[in-house]
> 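Can you keep this structure in mind? I'll have questions shortly.
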Amino acid sequence: MQIDYKKYVNMSEKQLLNSLSNIDEKMTKLKVSTQEKLKDFIKLKKFLKTQLKNRIDKEFIPYEKSTAHKLAQKLESSLSNEEKAEINKELKRQIHGL
């Protein structure tokens, strides 16, 4: 918003006082409007978070109940002890960067 300060220079005291009063009213209205909008945005943010959480919780499948876990168990049971030890050794090496 551009303010034209020049228009206030030649005003009478009464006009300046009225302008000041008008500005106070506008500021009050702006504060109320801004607070209402902020409350609306806060409500929307809370709603969106709830929606996301509900969808994530609804679609979440624990690893123990997943197909990947069942396949991993099946694969692990088919491995020999030597193969398991070699895989564990390789995992430790990769994890620790050795």
Side-chain angles (χ1 to χ4, degrees):
M1 178 177 139
Q2 282 292 67
I3 299 174
D4 182 14
Y5 290 95
K6 291 178 186 176
K7 75 177 186 178
Y8 298 103
V9 173
N10 294 321
M11 286 187 174
S12 67
E13 290 176 5
K14 184 176 180 178
Q15 289 172 317
L16 288 171
L17 189 57
N18 284 338
S19 295
L20 182 60
S21 177
N22 289 340
I23 291 298
D24 284 340
E25 288 175 19
K26 287 180 182 180
M27 287 174 60
T28 301
K29 287 179 183 178
L30 183 61
K31 283 180 184 178
V32 169
S33 171
T34 303
Q35 288 174 347
E36 288 173 355
K37 287 180 183 178
L38 183 60
K39 285 178 186 177
D40 289 342
F41 283 127
I42 290 170
K43 286 179 186 177
L44 177 59
K45 182 178 177 181
K46 184 177 178 180
F47 172 78
L48 293 172
K49 282 183 173 182
T50 301
Q51 288 296 309
L52 276 172
K53 184 183 180 316
N54 289 342
R55 291 188 185 181
I56 290 170
D57 288 348
K58 182 179 178 181
E59 296 171 8
F60 178 75
I61 299 172
Y63 175 71
E64 292 77 20
K65 294 183 179 179
S66 71
T67 306
H69 180 65
K70 292 173 187 170
L71 288 172
Q73 283 182 323
K74 186 175 181 181
L75 176 64
E76 185 179 358
S77 66
S78 70
L79 295 175
S80 68
N81 287 340
E82 292 82 20
E83 290 172 316
K84 289 178 187 177
E86 186 62 33
I87 290 172
N88 284 331
K89 184 178 175 182
E90 177 63 20
L91 279 173
K92 287 180 183 177
R93 188 186 68 73
Q94 288 182 10
I95 290 171
H96 299 293
L98 301 173

> Tell me if the NZ atom of Lys84 is crowded by more than 12 foreign heavy atoms within 6.0 Å.
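Above 12, so yes.
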> Can you name the salt bridge (charged side-chain N to carboxylate O under 4.0 Å, His left out) partners of Glu90, sequence neighbours left out?
Arg93
> Just wondering, are more than 12 heavy atoms of other shown residues or ligands nearer than 6.0 Å to CD1 in Ile61?
no
> Count the heavy atoms of every other residue, nucleotide or ligand shown that sit under 6.0 Å from CG of Asp4, and state whether that count exceeds 12.
yes
> Going from OG on Ser19 to CG on Asp24, what distance comes out if it is rounded to the nearest 0.5 angstrom?
11.0 Å
> Measure the spacing between CD of Gln73 and CG of Leu75 and express it to the nearest 0.5 Å.
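Reported value, rounded in 0.5 Å steps: 11.0 Å.
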> So, the side chain of Thr34 versus the backbone of Leu30: is there a donor-acceptor pair under 3.5 Å, distance only?
yes
> With side chains defined as the heavy atoms from C-beta onward, is the minimum distance between Arg55 and Gln51 less than 4.5 Å?
yes
> Calculate, to the nearest 0.5 Å, the distance between atoms CG and CD1 belonging to Asn18 and Ile23 respectively.
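Answer rounded to 0.5 Å: 11.5 Å.
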> Using a cut-off of 6.0 Å, state whether more than 12 heavy atoms not belonging to Tyr63 lie near its atom OH.
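Enclosed: over 12 neighbouring heavy atoms sit under 6.0 Å from OH of Tyr63.
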> If I take atom OH from residue Tyr8 and atom CG from residue Leu20, how far apart are they, to the nearest 0.5 angstrom?
10.0 Å
> Test side chain to side chain contact (heavy atoms under 4.5 Å, CB included) on Glu13 and Leu17; report intermediate values, then the result.
CA-CA 6 Å; Glu13 290 176 5; Leu17 189 57; over 6 Å; no
> Can you see which heavy atom on Glu64 is nearest to which on His69, and at what distance?
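Scanning both residues, the minimum pair turns out to be O-CD2, 3.3 Å.
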> Can you list the residues that meet the salt bridge (charged side-chain N to carboxylate O under 4.0 Å, His left out) rule with Lys26, with sequence neighbours excluded?
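Expected list: none.
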> Atom OG1 in Thr67, atom NZ in Lys74: separation rounded to 0.5 Å?
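Reported to 0.5 Å precision, the distance equals 12.0 Å.
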